[in-house]
Amino acid sequence: MPNRSIIMMSGLATRKAFDDEIFAAFLRQTGVGVTPVFDPTVQLLRRIEAGEPFDVLISAMPSFSDLVARGIVAPAPAPIVRTGIGFAVASGANHPEIGTTEELIETLTAARSVAYSRTGQSGIYFVELLKRLGIDDMVLPKATVLDRGFTAAALLTGEADLAVQQLSELMFVPEAEIVGPLPEELQKWTEFAAGIAVDSVSNPDVRAFVEYIVGPQSAPAYRATALEPLS
């Protein structure tokens, strides 16, 4: 067990990179453990609002404006990675065509049920996209909606035959197969950053952790999990 530890709150998009490699590598290098709290962004913001303690927040960039303005997170969060949205099916299932807008519309309207996250960045955008494409009334009534967690899990239970989420989140369910990303003209890249809680700014372990996760040593773990390093 580590002698020292810090608390990191994070959205789900970066979880696989942290779980697979970064936490263990940082512990080996520094002797500092990380206690993670993973949840969709909206849920994390609610937990922070309720006063739950944290040292570092990994979240989509727009989430920090209010937290910085209110003195909860220190100014200038450090950009880490970006990722796009994609689709997955159950292992062995047919991979539908999603390479163009027209193909995507046909696939979504033909799907038995599409699983998406109600409070995740991908799910919020997915609903907006359906409305923009004019097919929300055909897709949403039969959709499988998750309040938290990985949407590809709904493929394994048979609740849905198509799952949409950040590509890095889809990879967290190994029994699912990634079909591919949204067509480029519809893609929404989400950039994630690391912000330090104001009360933790003077903690050298916290600063060391942020330096580690934005540094080149963490880049291979990000790339292996469909995340594009920004530093």
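Small disclaimer: the values here were computed from a predicted structure and weren't measured.
The list of side chain to side chain donor-acceptor pair (under 3.5 Å) pairs with a residue in residues 87-97, not counting sequence neighbours, reads S91-E177, H95-E177. Pairs passing the side chain to side chain donor-acceptor pair (under 3.5 Å) check and including a residue from residues 58-77, sequence neighbours excluded, read E49-R70, S59-S63, D66-R70. Judged as a side chain to side chain donor-acceptor pair (under 3.5 Å), the pairs with a partner in residues 71-83 (not counting sequence neighbours) are, in order, R82-E228.
Note that CZ of R207 and CD1 of I196 are 7.5 Å apart. Values are rounded to the nearest 0.5 Å. Here CD of E21 is found 9.0 Å from OG1 of T225. Values are rounded to the nearest 0.5 Å.
T157 and E159 form a side-chain donor-acceptor contact under 3.5 Å, judged by distance and modelled atom types alone.
Residues passing the salt bridge (Lys or Arg N to Asp or Glu O under 4.0 Å) test with D199: none are found, sequence neighbours excluded. With sequence neighbours excluded, the residues satisfying ring pair (Phe, Tyr, Trp, His ring centres under 6.0 Å) with F23 are F18. Qualifying side chain to side chain donor-acceptor pair (under 3.5 Å) partners for Q217, counting only residues two or more places apart in sequence or in other chains: none.
Residues F209 and N203 have side chains not in contact (no heavy-atom distance under 4.5 Å, counting atoms from C-beta outward). Within the 4.5 Å cutoff, no side-chain heavy atoms of F150 are placed close to those of L155.
Under the 4.5 Å side-chain contact rule for hydrophobic residues, L44 and F192 do not share a cluster.
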